[in-house]
Amino acid sequence: PPPPPLTLLGDYGGGAMSAVVGLLAAIINARTTGKGQVVDVAMTDGVAVLTSFFHAFAHRGLWRDERGANLLDGGAPFYRCYACADDRFVAVGALEPQFFAQLLAGLEIAPDGFGQYDMDAWPRMQAAFAERFQARARDDWAAIFADTDACVSPVLSFGGSADHPHNRARGTFMIRADVVQPSPAPRFGATPSKIGKAEDDLTVADMLDRWA
């Protein structure tokens with residue numbers, strides 16, 4: 001069976017995030033009207049809201065209950081993960097035609113070989129993509145696609161994600177009390193968020209540079 005998506009979908013997405021959105025909306029309304037109100041939040045409701053897009057697809061006959069048969073659940077060869085020569089993985093999300101064209105170029109596959117949304121061709125396309133990705137290691141593919149809009153990225157471990165060049169450049173992770181953790185987000189220009197005292201905060205990039 002497929003693995004559960006950690007607690008990100010129900011607890012965080014359906015629960016905490018919908019609660020935050022509801023509270024902020026209620027505060028804005030209270031400031032406007034002078035009246036408060038109860039904010040009723042249920043994780044099941046929040047998760048249901050997150051599926052609105054897929055219910056719309058199903059209504060139009062564009063989504064099936066069959067696993068791995070749809071555009072965004074691994075059925076489309078250009079929106080899924082592939083194993084590489086070193087048994088690590090890359091993620092592909094080239095939905096738009098211009099991104100799909102760059103994906104084909106990076107894989108050195110002729111652009112007239114497949115119609116992107118010809119579902120009858122998807123099994124052959126997937127096999128061709130899988131064979132090409134198996135020819136190189138994950139980081140080799142990451143380098144090939146790094147400066148393109150092909151929407152190909154390495155699948156990283158929790159530990160590896162903190163040291164990714166993009167995350168290092170943005171300071172996406174930080175070390176606080178010897179614990180690697182995400183930095184506060186979203187970011188605010190006038191009121192930047194902090195964890196504890198500013199002088200105690202080190203980004204992972206700072207720490208790695210110090211260790212070097």
Side-chain angles (χ1 to χ4, degrees), residues 1-60 62-65 67 70-76 79-81 91-96 99 149 151 153-208:
L6 301 178
T7 57
L8 302 180
L9 184 60
D11 285 0
Y12 301 164
M17 294 298 289
S18 60
V20 169
V21 172
L23 287 168
L24 293 176
I27 289 171
I28 293 173
N29 183 71
R31 288 180 174 177
T32 302
T33 65
K35 297 180 179 180
Q37 60 185 303
V38 173
V39 180
D40 183 352
V41 178
M43 287 189 290
T44 50
D45 297 345
V47 171
V49 169
L50 294 175
T51 66
S52 299
F53 179 75
F54 305 99
H55 281 285
F57 261 37
H59 177 70
R60 298 177 60 188
L62 301 175
W63 193 270
R64 294 182 289 168
D65 286 339
R67 185 185 304 166
N70 299 287
L71 184 64
L72 303 177
D73 68 352
Y79 199 90
R80 53 164 295 162
C81 293
V92 178
L95 285 175
E96 291 79 358
F99 302 153
D149 287 331
C151 302
S153 59
V155 176
L156 304 173
S157 67
F158 268 43
S161 61
D163 194 32
H164 188 271
H166 175 84
N167 293 334
R168 291 190 66 181
R170 283 190 55 81
T172 302
F173 292 86
M174 62 187 299
I175 293 177
R176 181 69 170 135
D178 295 325
V179 177
V180 176
Q181 55 191 283
S183 300
R187 306 179 186 192
F188 301 93
T191 56
S193 302
K194 295 288 184 180
I195 296 179
K197 296 179 180 179
E199 62 267 25
D200 293 334
D201 295 341
L202 288 174
T203 66
V204 171
D206 293 334
M207 183 63 78
L208 291 170

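Computed from a predicted model, the values in this text were never measured in an experiment.
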Considering non-hydrogen atoms only, spot the tightest contact between Val39 and Leu23 and give its length.
CG1-N, 4.3 Å
Is there side-chain contact between Ser18 and Asp45, with at least one heavy-atom pair below 4.5 Å?
no
Rounded to the nearest 0.5 Å, what separation is found between the CG atom of Leu72 and the CG atom of Leu95?
6.0 Å
Could you report the tightest heavy-atom contact between Asp73 and Arg67, atom names first, then the distance?
OD2-C, 4.1 Å
Write down the atom of Asp11, the atom of Met43, and the distance for their closest heavy-atom approach.
OD1-SD, 3.1 Å
Please answer whether the main-chain N or O of Ser161 pairs with a side-chain N or O of Asn167 as donor and acceptor at a distance below 3.5 Å.
yes
Smallest separation among heavy atoms of Gly10 and Val47, with atom names:
CA-CG2, 3.7 Å
Rounded to the nearest 0.5 Å, how far apart are CG of Leu8 and CE of Met17?
11.5 Å
Say you draw a straight line from CD of Glu96 to CG of Asp149; how long is it, rounded to the nearest 0.5 Å?
10.0 Å
Which atoms form the tightest heavy-atom contact between Phe99 and Cys151, and what is the distance?
CD1-SG, 3.7 Å
Looking at every non-hydrogen atom in both residues, tell me the closest pair between Gly15 and Val41 and how far apart they are.
O-CG1, 3.8 Å
To the nearest 0.5 Å, what is the distance between CZ (Arg168) and CG (Asp163)?
5.0 Å
Do Val92 and Arg80 pass the side chain to side chain contact (heavy atoms under 4.5 Å, CB included) test, and can you show the C-alpha distance, the side-chain angles, and the key distance before you say yes or no?
CA-CA 5 Å; Val92 178; Arg80 53 164 295 162; 5.7 Å; no
If you measure from CZ on Phe158 to CZ on Phe173, what distance do you get to the nearest 0.5 Å?
8.5 Å
Would a distance-only check, ignoring hydrogens and angles, find a side-chain to backbone donor-acceptor pair under 3.5 Å from Ser157 to Gly160?
yes
Distance, nearest 0.5 Å, that separates CG of Leu50 from CG of Leu9:
6.0 Å
Applying ring pair (Phe, Tyr, Trp, His ring centres under 6.0 Å) as the test, list every pair that has at least one member in residues 15-53; sequence neighbours left out.
Phe53-Phe57
Residue set satisfying side-chain hydrogen bond (donor to acceptor under 3.5 Å, both in side chains) with Arg64, at least two apart, ordered chain then number -> Glu66
Side-chain donor or acceptor of Asp40 paired with backbone N/O of Ala42 under 3.5 Å:
no
